[in-house]
Amino acid sequence: MTNWVKYTNDNIVSEIDYVLESNEYGGGGSLDYWDMLDKVDRVKIYNGYGIVCRALVPYIEEYLFHPDERMHEGDENLLRFFRTWIFRHPSSVSELLEGHDLLELVETFAKYSTKDDQRDRLFLCLMRSYCLTSESIDWHDLYERTKFELVNGVKDYNWTRMTMLSMLMGIVMIMKQCERDYVMEKMLLLYENNWSFFGGCYSILLGKVVGSGYHHLNAVVGQFAGGHMKDTAWAARELIDYCRKPLRNNMTQNSWVKLCGLGKRILDAIDNVEQDYTLQPLFKILFPKTECDSYANAAPRRTAAEYNRLLEEKEHKIAERDRMIEDWKSKAVSLEKQVKELTEKMRKALVEEQISIELLKEAILSYQSGIARTLFTRLDWVLEGKNHAWNSHRDELKQTIREKEREESTPKVTHVTADAYYESGATHADHRNTIALEAKGSADVGKLIGMKKENN
C-alpha cells in the first residue's frame, strides 16, 4: 500500500524545493507543469486531498504574501502550477486570509502584481471563496472604506489597485444585499465568471479603465457599442445615463465628443442586436441608481490646468523612463562583461593552482552577496565535478553566501560623523555613473595570486 505522505514529500515537495533553490542560485531548474498536476491528482484520487493541501499551502502563502526573487523571478511553470491550484481549490487557500484586513490585502496584492501574472483574478477567486465562509467581516464598514478608496483612487490612478478595489466592492455589494446563502454563492460565482463584463461596467462608473488591458475609457465603451459585449449594450446605456455629469467633467473635449458618438452606436446596438439580460439581476444589485448617483456626486472635477499639468507630468515620466532604461542597458552590458572576465580569472587561477581554494573563497565572499552568488553560480557550472578542491568546498561556500544574503537583507543603521567620514579617505567626488566590481576586501585575483607566491 502506497504511503501517500511519503509520496507527496518525495515527488511533490522535493521537486518544488529543488526548483526554488535552483532558481535562487541561478541554476535554471524548471518544473514539469503537466507531470506535477498528474502527481497531485494521483494523490487526490486516493483520498489524499488533505495531504496535498498541507504540503502546498506554505508555498502558496509565500507566493501570495511574501514574494521574493526566488519565487517571482524564477520558473514560470512553478508559478503557473501555484495559480492553477488556487483557481481549482480556492477554499484550501482562502483560510490564509483570516485575520487580514481586506483593504490591506488589496495593497499587498497590487504591490507585487504584474499585468500578466493574473494576480488580480487570483484575488477575486480567493475573495469569493473567503467571503462565503468568513463570519468576522463588518460589511457596512468595509463598504464605506472601499468606496472611499475607490472615489479617491481616481485622482492617483493605479490600474491594479483600482481593479482589485472594484472587485472587492462588487463582492461587498452582493454580501450586503443577498440574504440567503445559496443566492450569495450563485451571485458571487456569476460575478467572478463574468468579471470582464462587470469590469467594463466599473470602468464607466469610475471613469477609469479597470479590469481590462485597454488604455482608454472610450475603448472599453466601444466594446459595448460594437465589440464582444454588444449584446449587453443595455448596461452601458444605463451607466452612461447615470454618470453623464462626472464623465463630462473629467474628460477632454475630444474624448467627450468620441463618447457621444459611441453613445449613438450603443443605441443602435440595442435596437439591432439581440440583447442578453442574463446578468441584469446582478447588475441591479451592483449598480442601483442611488449607488451610481453617490459616485457621481463624489467624483472630483478636474480643470483644464490640471489636465495640462498631468499631461506634462506623463510626458516627463515617459522621457525619464526611456532615459533610465537606456542607462540600465548600458550598465548591464558593462557589468556582465566584468563578471565574465572576473569569473574566468578565478577559474583559471584555481585550475592552474595559482591560488588556493581558501583564497578563492575569500575573494568571492568579499563582494556584495548578489555578485558573490553570481560568481559562485558561474564557477559552479564550469568546475562542479571537474575540480576536487571546488567540489570539497562548494556546499560550504554556498551556505556562507546564503548567510551573507540574510545578513545584508537585515537593515542596519550606522552613525558616522562628517569628520570621521572624511578622515577615512572619502572625497566629495560623484561616482554615481561609474560601474566597477569593487569588493570590501582584497578581492583582486592578481593580488591573491601574489599573496600565494609570497606564502610559498
Side-chain angles (χ1 to χ4, degrees), residues 64-65 90 94 96-113 119-179 183-185 187-192 194-212 217 220 235 239 242-243 246-247 250 279 282-300:
L64 292 176
F65 303 117
S94 60
L96 294 173
L97 308 185
E98 193 64 49
H100 288 272
D101 181 89
L102 297 188
L103 285 179
E104 291 180 1
L105 283 180
V106 169
E107 303 298 336
T108 300
F109 274 64
K111 179 180 179 181
Y112 297 111
S113 178
R119 189 166 281 257
D120 54 326
R121 299 306 298 262
L122 289 177
F123 177 80
L124 178 57
C125 179
L126 288 173
M127 286 295 106
R128 175 184 63 81
S129 176
Y130 172 65
C131 291
L132 279 172
T133 57
S134 177
E135 298 179 356
S136 60
I137 301 175
D138 183 339
W139 294 110
H140 178 74
D141 174 70
L142 185 59
Y143 166 80
E144 295 293 341
R145 293 165 57 213
T146 306
K147 186 169 184 177
F148 176 84
E149 294 294 335
L150 271 176
V151 171
N152 288 277
V154 170
K155 273 197 170 183
D156 300 315
Y157 172 69
N158 177 287
W159 182 90
T160 306
R161 182 174 181 272
M162 290 293 286
T163 293
M164 293 183 183
L165 285 171
S166 301
M167 289 173 167
L168 180 59
M169 177 54 86
I171 291 175
V172 172
M173 293 293 290
I174 293 170
M175 299 302 290
K176 276 183 61 183
Q177 298 187 51
C178 296
E179 297 180 355
V183 176
M184 287 181 187
E185 187 170 357
M187 290 299 180
L188 287 173
L189 188 60
L190 199 62
Y191 179 62
E192 180 184 354
N194 294 276
W195 168 247
S196 177
F197 166 76
F198 290 112
C201 293
Y202 270 110
S203 297
I204 298 173
L205 178 67
L206 299 170
K208 290 288 185 180
V209 177
V210 298
S212 72
L217 179 61
V220 178
L239 285 170
Y242 292 158
C243 306
L247 287 173
N250 290 288
L279 298 176
L282 180 53
F283 176 88
K284 292 189 176 297
I285 290 174
L286 300 178
F287 307 104
K289 187 176 186 309
T290 52
E291 183 74 8
C292 296
D293 288 343
S294 67
Y295 277 95
N297 294 330

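Numbering starts at 1 and runs along the sequence shown. Quick caveat, the model's predicted, so the values are computed rather than measured.
For the pair Arg128 and Ile171, the tightest heavy-atom approach, listed with the atom from each and the gap, is N-CD1, 3.9 Å. Of all non-hydrogen atoms in Met173 and Pro288, the two that sit nearest each other are CE-CD, 4.2 Å. Here the closest heavy-atom approach between residue Tyr242 and residue Cys292 is recorded as CD1-SG, 3.4 Å. Nearest approach of Ile285 to Met187, heavy atoms of both residues: CD1-CE, 4.3 Å. Across every non-hydrogen atom of Met127 and Leu102, the tightest pair is CE-CD2, 3.9 Å. Heavy-atom minimum distance, Cys131 versus Trp139: SG-CH2, 3.5 Å.
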- Task: Run the numbers on Leu217 and Ser203 for side-chain contact (heavy atoms from CB on, under 4.5 Å), then give the verdict.
- Result: CA-CA 7 Å; Leu217 179 61; Ser203 297; 4.0 Å; yes

- Task: Applying side-chain contact (heavy atoms from CB on, under 4.5 Å), run through Tyr143 and Lys147 and close with a yes or a no.
- Result: CA-CA 6 Å; Tyr143 166 80; Lys147 186 169 184 177; 3.4 Å; yes

- Give the intermediate values and the outcome of side-chain contact (heavy atoms from CB on, under 4.5 Å) for residues Ile174 and Leu282. CA-CA 8 Å; Ile174 293 170; Leu282 180 53; 3.7 Å; yes

- Task: Test Glu149 against Arg145 for side-chain contact (heavy atoms from CB on, under 4.5 Å), laying out the working first.
- Result: CA-CA 6 Å; Glu149 294 294 335; Arg145 293 165 57 213; 5.7 Å; no

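If you take CG on Leu122 and CE on Met164, they are separated by 8.5 Å, rounding to the nearest 0.5 Å. Atom OG of Ser129 is separated from atom CG of Leu189 by 11.0 Å, given to the nearest 0.5 angstrom. To the nearest 0.5 angstrom, Asn194 atom CG is 10.5 Å from Cys201 atom SG. In this structure, CG on Leu168 lies 10.0 Å from CG on Leu124, to the nearest 0.5 angstrom.
Residues meeting the salt bridge (Lys or Arg N to Asp or Glu O under 4.0 Å) test with Glu107, sequence neighbours left out: Arg161. Taking Lys289 as the reference, Asp293 meet the salt bridge (Lys or Arg N to Asp or Glu O under 4.0 Å) condition, with sequence neighbours excluded. Partners of Phe197 by ring pair (Phe, Tyr, Trp, His ring centres under 6.0 Å), not counting sequence neighbours: none found. In terms of the salt bridge (Lys or Arg N to Asp or Glu O under 4.0 Å) criterion, Asp138 has no residue partners (sequence neighbours excluded). Glu185 meets the side chain to side chain contact (heavy atoms under 4.5 Å, CB included) test with Leu132; sequence neighbours excluded. Applying the ring pair (Phe, Tyr, Trp, His ring centres under 6.0 Å) rule to Tyr191 yields the partners Trp195, Phe198; only residues at least two apart in sequence or on another chain are considered.
Ile137 is listed as a side-chain neighbour of Tyr130, based on a closest heavy-atom distance under 4.5 Å. The closest side-chain heavy-atom distance from Arg121 to Met167 is below 4.5 Å. Taking the side chain as every heavy atom from C-beta outward, Val209 and Thr163 never approach each other to under 4.5 Å. Under the 4.5 Å side-chain criterion, counting only non-hydrogen atoms from C-beta, Leu239 is in contact with Phe283. Side-chain contact between Val220 and Val210 is absent, with no heavy-atom pair separated by less than 4.5 Å. Between Leu205 and Leu150, every side-chain heavy-atom pair lies at or beyond the 4.5 Å cut-off. Contact check for Leu206 versus Ser166: side-chain heavy atoms found under the 4.5 Å cut-off. Side-chain atoms of Met169 and Tyr202, non-hydrogen and from C-beta on, do get closer than 4.5 Å to each other.
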